[in-house]
Amino acid sequence: GNSVTQMEGPVTLSEEAFLTINCTYTATGYPSLFWYVQYPGEGLQLLLKATKADDKGSNKGFEATYRKETTSFHLEKGSVQVSDSAVYFCALSDQANAGKSTFGDGTTLTVKP
Amino acid sequence: GAVVSQHPSRVICKSGTSVKIECRSLDFQATTMFWYRQFPKQSLMLMATSNEGSKATYEQGVEKDKFLINHASLTLSTLTVTSAHPEDSSFYICSARLGTAASYEQYFGPGTRLTVT
């Protein structure tokens, strides 16, 4: 079956530090890959996505590249802000299975001023 | 665009009662919606796939008679937790699927916090 493995947290960084959250996946087909962000007490918001190999998703300074050879989709940001503090979920969507999503366990990011 | 709402955002009910949670796609039609459950500091667990006009598809281990799902229109799916017990307390999140088979996306509701006393 499909699975997503995320870097364990929590991650604590100082403002303006570089962020990397690792994500690797296992899938039987050719999934689409996503990063979602969840703020306390809220639902998930789509942060960025990539639908095929070598695609780069980007949004709000965050980036992730779909690497088929390493089955990875690592999230990066060059300079984090306090407002980036949240839980980040890596996920894949199985297009062959009605778009069902499989989520990683989430990584809690705390950015200190 | 692509906004999904949930109602209520929080609900407290007594053990043995039933609770209905609504999930609406506000500006698009969704033939497929998903219901998830999230425990504190954990990931989302898919409970079921809600299909407009047909029966929901439940994931293994989810009791379909306890978690009743109805998707009567293209913009509304409901989840009813029947005879709720304290162990049903959780954060329930729905999502609506948008796109084609080439590239589906999910848009998530803000979640409903259920507390069973």
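Lettering follows sequence order; numbering is per chain, from 1. Everything numeric here is computed off the predicted structure, so don't read it as measured data. Heavy atoms only: backbone and side chains are in, while hydrogens, waters and symmetry mates are out.
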Trainee: Between B:Leu79 and B:Val11, is there shared hydrophobic-cluster membership here, with clusters defined by ILVMFWY side-chain heavy atoms closer than 4.5 Å?
Mentor: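 Shared cluster, yes.
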
Trainee: Name, in order of residue number, those residues of residues 29-37 of chain B that have a heavy atom at a distance of less than 4.5 Å from a heavy atom in chain A; otherwise write 'none'.
Mentor: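 Listed by number, the contacting residues are B:Phe34, B:Tyr36.
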
Trainee: With rounding to the nearest 0.5 Å, note down the distance linking CZ in B:Phe108 to CD in A:Glu42.
Mentor: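 So the CZ of B:Phe108 and the CD of A:Glu42 are separated by 14.0 Å.
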
Trainee: So A:Tyr36 and B:Gln106, do their side chains get closer than 4.5 Å, heavy atoms only?
Mentor: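 The answer is yes; the side chains approach within 4.5 Å.
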
Trainee: Measuring only between side-chain heavy atoms, which start at C-beta, is B:Leu44 closer than 4.5 Å to A:Leu44?
Mentor: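 Yes, their side chains come closer than 4.5 Å.
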
Trainee: Select one option (side chain, backbone, both, neither) describing which atoms of A:Gln45 are under 4.5 Å from chain B's heavy atoms.
Mentor: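 No part of it gets close to chain B.
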
Trainee: Is it the case that more than 12 heavy atoms not belonging to B:His85 sit under 6.0 Å from its NE2 atom?
Mentor: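 Buried by this count: over 12 neighbours within 6.0 Å.
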
Trainee: Against chain B, label A:Lys100 side chain, backbone, both or neither, depending on which of its atoms sit under 4.5 Å from a heavy atom there.
Mentor: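 Both parts, backbone and side chain.
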
Trainee: With a 4.5 angstrom heavy-atom cut-off, is it the side chain or the backbone of A:Phe34 that approaches chain B, or both, or neither?
Mentor: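 Interface part for A:Phe34: side chain.
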
Trainee: Shortest non-hydrogen contact from A:Gly43 to B:Ile93?
Mentor: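 Scanning both residues, the minimum pair turns out to be CA-CD1, 4.4 Å.
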
Trainee: Are A:Met7 and A:Val37 co-members of a hydrophobic cluster defined by side-chain heavy atoms under 4.5 Å apart?
Mentor: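 Yes, it is one cluster - the side chains of A:Val37 and A:Met7 are joined through contacts under 4.5 Å.
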
Trainee: Report yes or no: do A:Phe73 and A:Leu19 belong to one cluster of Ile/Leu/Val/Met/Phe/Trp/Tyr joined by side chain heavy-atom distances under 4.5 Å?
Mentor: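 Yes: a chain of side-chain contacts under 4.5 Å links A:Phe73 to A:Leu19.
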
Trainee: Tell me, side chain or backbone of B:Gln38 under 4.5 Å from chain A's heavy atoms, or both, or neither?
Mentor: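 It is the side chain, since no backbone atom gets that close.
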
Trainee: Does atom CD of A:Glu8 have more than 12 heavy-atom neighbours, drawn from other residues, nucleotides or ligands, at distances under 6.0 Å?
Mentor: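 Atom CD in A:Glu8 is not crowded, with 12 or fewer foreign heavy atoms closer than 6.0 Å.
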
Trainee: Around atom NZ of B:Lys66, are there more than 12 heavy atoms from other residues, nucleotides or ligands closer than 6.0 Å?
Mentor: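 More than 12 within 6.0 Å, yes.
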
Trainee: Taking atom OH of A:Tyr30 as the centre, does the number of heavy atoms from other residues, nucleotides or ligands within less than 6.0 Å exceed 12?
Mentor: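 It does not: A:Tyr30 OH has 12 such atoms or fewer within range.
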
Trainee: With a 4.5 angstrom heavy-atom cut-off, which part of A:Phe103 approaches chain B: side chain, backbone, both or neither?
Mentor: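 For A:Phe103, heavy atoms of backbone and side chain both lie under 4.5 Å from chain B.
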
Trainee: For B:Ile12, I'd like to know if atom CD1 has over 12 heavy atoms of other residues, nucleotides or ligands within 6.0 Å.
Mentor: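 No, because the 6.0 Å sphere around CD1 of B:Ile12 holds 12 heavy atoms or fewer from other groups.
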
Trainee: Looking at A:Glu16, I'd like to know if its CD atom is crowded, meaning that more than 12 non-hydrogen atoms belonging to other residues, nucleotides or ligands lie closer than 6.0 Å.
Mentor: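 No, CD of A:Glu16 has 12 or fewer neighbouring heavy atoms, counting only those of other groups under 6.0 Å.
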
Trainee: Side-chain heavy atoms nearer than 4.5 Å, only ILVMFWY residues, links allowed to pass through others: does that put A:Leu13 and A:Leu47 together?
Mentor: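 Yes; tracing contacts between hydrophobic side chains, which count when under 4.5 Å, links both residues.
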
Trainee: Are A:Val87 and B:Leu46 in one and the same hydrophobic cluster, where Ile, Leu, Val, Met, Phe, Trp and Tyr link if side-chain heavy atoms are under 4.5 Å apart?
Mentor: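 Same cluster: A:Val87 reaches B:Leu46 through Ile, Leu, Val, Met, Phe, Trp or Tyr contacts under 4.5 Å.
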
Trainee: Can you measure from CD (B:Glu105) to CG (A:Leu46) and round to the nearest 0.5 angstrom?
Mentor: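 Atom-to-atom, B:Glu105:CD and A:Leu46:CG are 5.5 Å apart.
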
Trainee: Grab the two heavy atoms, one from B:Phe91 and one from A:Gln38, that are nearest each other, plus how far apart they are.
Mentor: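 Answer, listing the atom of B:Phe91 first, then A:Gln38: CE2-NE2, 3.8 Å.
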
Trainee: Do any N or O atoms from the side chain of B:Ser43 and from the backbone of A:Gly106 form a donor-acceptor pair under 3.5 angstrom?
Mentor: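 Pair absent, no side-chain N/O of B:Ser43 close to backbone of A:Gly106.
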
